[in-house]
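Working notes, structure below.
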Amino acid sequence: MGKVIIPIGPQHPALKEPESFSVTLEGEKIVDVNLRLGYNHRGIEKACEERTYIQDIYILERVCGICSHSHSTCFVQTVEEIAGVEIPERAKYIRTIVAELERIHSHLLWLGVAGHEIGFDTLFMYTWRDREIVMMILKKVTGNRVNYGINTIGGVRRDISQELLKEILTSVDALEERTKYYIQVATQETTLMNRLLNVGKLSHEDAVLTGAIGPTGRASGIDSDTRRDDPYAAYDKVTFKVIVDNHNDVYGRTLVRVLELMEAYSIIRQSVQNMTEGPITVKVPRKIPAGEAFGRYEAPRGEDVHYVKSNGTEKPERVKVRAPTLANIKPVLKMLENYNLADLPIIVAAIDPCFSCTDRTLLIKDKKSNKSKIMDWESLRKYSIEWYKKRGIGF
Amino acid sequence: MNMIRPGKMIRQVLSSLIKKPATIKYPYVKFEMPENFRGKIKFYPEKCIGCKLCVRDCPSNAITITKVGEKKFECEIRLDKCIYCAQCVDSCLKKALESTGEFELAQLDKKKLKEIFHAQSEDGIKKET
Ligand code: SF4
Ligand code: SF4
């Protein structure tokens with residue numbers, strides 16, 4: 001049977017963000033997948049070098065709309081490490097609470113998207129309805145539903161009042177009730193199980209080999225979680241289980257996420273209980289001493305890594321972001337092999353991808369001469385104008 | 001798999017039939033933003049001392065402070081540039097800036113996205129220019 005190459009994307013109804021897969025098919029079977037990124041490159045790293053540390057928090061927060069707290073916390077932690085400051089206890093707990101609330105909203109969102117991808121829109125509607133509870137509480141605590149802006153270098157910007165803490169606890173109770181129900185749905189609903197079991201298999205060996213992280217890795221038996229292995233914020237003061245599963249498929253990834261929700265509730269309860277009164281910020285000079293540091297953070301999608309180099313001024317010399325999705329791209333290409341084309345949406349969705357977080361500089365490689373060149377802003381602009389002119393669109 | 005079973009969520013779905021919708025009928029029903037919501041920025045000219053700390057920390061260059069007279073300052077906020085992070089509110093030591101709960105800021109006319117708080121008006125009422 002002949003091979004057919006099908007392009008999916010950059011614009012495609014099954015994808016929420018622009019990225020381009022070219023899928024080689026033999027009949028219905030996927031034999032090879034090529035992924036091209038770069039349609040969503042926004043130049044955030046470069047922009048950070050032009051701005052002060054304070055301004056960078058807000059830019060980096062916008063790397064991802066769903067795990068915004070992850071990126072801003074990762075960045076401020078790294079900067080705090082260079083500056084050698086220890087943030088107050090209460091600030092650590094507040095960061096932890098917001099981080100877990102964010103994980104809850106992200107995992108509920110994922111559960112809904114996964115339901116939608118397999119045509120189970122009932123699940124999508126109900127999880128997203130329940131997700132409103134956590135969105136509301138996030139809005140009350142931080143002042144917005146997304147891009148919480150709670151972090152600043154040296155602590156957090158807002159305190160959580162006693163009444164709000166109580167409200168968080170009641171919301172957590174309500175959410176826990178709902179999550180228990182979703183665990184039942186995930187383990188008993190036959191449609192869901194039939195559709196997800198044995199789809200997108202990634203064996204433990206392959207997961208290690210391709211470097212899968214986060215829930216994707218944990219569903220293939222990789223027992224790693226930055227929160228436990230290299231604790232930051234207040235994670236060393238709370239106890240929680242790292243959920244590991246051995247299903248190695250999309251079903252396993254679903255289980256890991258719903259069970260992680262239960263752990264998140266317990267972390268929030270412990271944090272609220274352990275919290276003591278006190279200051280929420282320490283003063284950090286605007287000029288960060290020269291040095292470099294590497295920060296790790298367990299985002300809902302996996303480990304997020306930031307590297308910051310400071311040269312003693314108000315602005316960083318280099319900021320490098322490795323969003324979790326980038327690490328999970330190789331595994332997903334592996335997972336797709338030998339499945340049907342119709343499985344592609346759910347397999348890709350199962351890593352909870354976030355492509356705009358992942359996009360980096362464009363490197364163009366000439367296949368014949370094997371030479372590469374980097375295009376700067378000006379030449380890229382010139383190139384695009386020329387490209388349109390040739391097609392009769394003038395500027 | 002021979003037995004036909006109703007979906008696990010069927011009860012939940014049926015019980016929703018007799019419940020009210022979970023959504024709010026916005027814009028017919030307004031909803032209040034919580035107390036510390038980060039909405040449109042308000043400027044109090046009488047409190048400003050012109051230190052421009054807010055301008056320095058604004059991540060999107062949305063705020064400008066101009067001196068219009070002896071100890072009189074005017075503030076311009078570009079609503080299209082502002083990302084409503086409220087860093088300027090935190091940076092201001094004189095509490096001359098404040099976040100409000102106002103969030104319906106879409107405009108068809110681009111000119112209306114420029115808000116100027118004049119120094120002379122005591123209450124800081126905006127005037128469009
Ligand atoms: S920081 Fe406050 S006092 Fe200083 S210029 Fe801005 S508004 Fe005025
Ligand atoms: S809210 Fe943020 S973006 Fe808007 S003017 Fe203030 S500092 Fe600038």
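The model shown is predicted, which means the values in this text are computed figures rather than measured ones. The chains referred to below are lettered A, B, ... by the order of the sequence lines, with proteins before strands, and numbering in each begins at 1.
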Count the heavy atoms belonging to other residues, nucleotides or ligands that lie under 6.0 Å from NZ of Lys166(A), then report whether that count exceeds 12. no
Is a side-chain N or O of Arg38(B) found less than 3.5 angstrom from the main chain of Tyr148(A), in a donor-acceptor match? yes
Is Gln55(A) reaching over with its side chain to a backbone N or O of Ser60(B), donor-acceptor style, under 3.5 angstrom? no
How many angstroms lie between atom CG of Asn147(A) and atom CD1 of Ile83(B), to the nearest 0.5 angstrom? 8.0 Å
Any residue of residues 128-145 of chain A which, by heavy atoms, sits under 4.5 Å from chain B: Arg129(A), Lys139(A), Lys140(A), Val141(A), Thr142(A), Gly143(A), Asn144(A)
Would you find more than 12 non-hydrogen atoms of other residues, nucleotides or ligands less than 6.0 Å from Ile18(B) atom CD1? no
Around atom CD of Glu104(B), are there more than 12 heavy atoms of other residues, nucleotides or ligands at under 6.0 Å? yes
Mind checking salt bridge (charged side-chain N to carboxylate O under 4.0 Å, His left out) for Arg42(A) and listing every partner two or more places apart, or none if nothing turns up? none
Report the distance from atom OH of Tyr53(A) to atom CG of Asp57(B), rounding to the nearest 0.5 Å. 14.5 Å
Pairwise side-chain contact, Val13(B) with Tyr126(A), heavy-atom cut-off 4.5 Å (strictly under): yes
Hey, could you give me the OH/NZ distance between Tyr181(A) and Lys8(B), rounded to the nearest 0.5 Å? 6.0 Å
Assert top hit (heavy-atom pairs under 4.5 Å, partner chain A, pool Met33(B), Glu35(B), Gln12(B)) equals Gln12(B)
Select, from Glu61(A), Arg51(A), Arg62(A), the one with the greatest count of heavy-atom pairs under 4.5 Å involving chain B. Arg62(A)
Given Val185(A), Thr52(A), Thr152(A), the one with more heavy-atom pairs under 4.5 angstrom with chain B than any other is Val185(A)
Counting heavy-atom pairs under 4.5 Å to chain A, which of Cys58(B), Ala22(B), Gly101(B), Gly39(B) comes out on top? Cys58(B)
Is there a side-chain contact between Arg56(B) and Arg286(A) (heavy atoms, below 4.5 Å)? yes
Between Tyr182(A) and Met9(B) the two heavy atoms that sit nearest each other are CE2-CE, 4.3 Å
Side chains of Gln87(B) and Arg157(A): does their closest heavy-atom pair fall under 4.5 Å? yes
At a 4.5 Å cut-off on heavy atoms, which part of Ile57(A) comes close to chain B: side chain, backbone, both, or neither? neither
Are any of the side-chain nitrogens in Arg158(A) or Asp90(B) under 4.0 Å away from the carboxylate oxygens of its partner? no
Heavy-atom count around Lys81(B) NZ within 6.0 Å, excluding the residue itself: above 12? yes
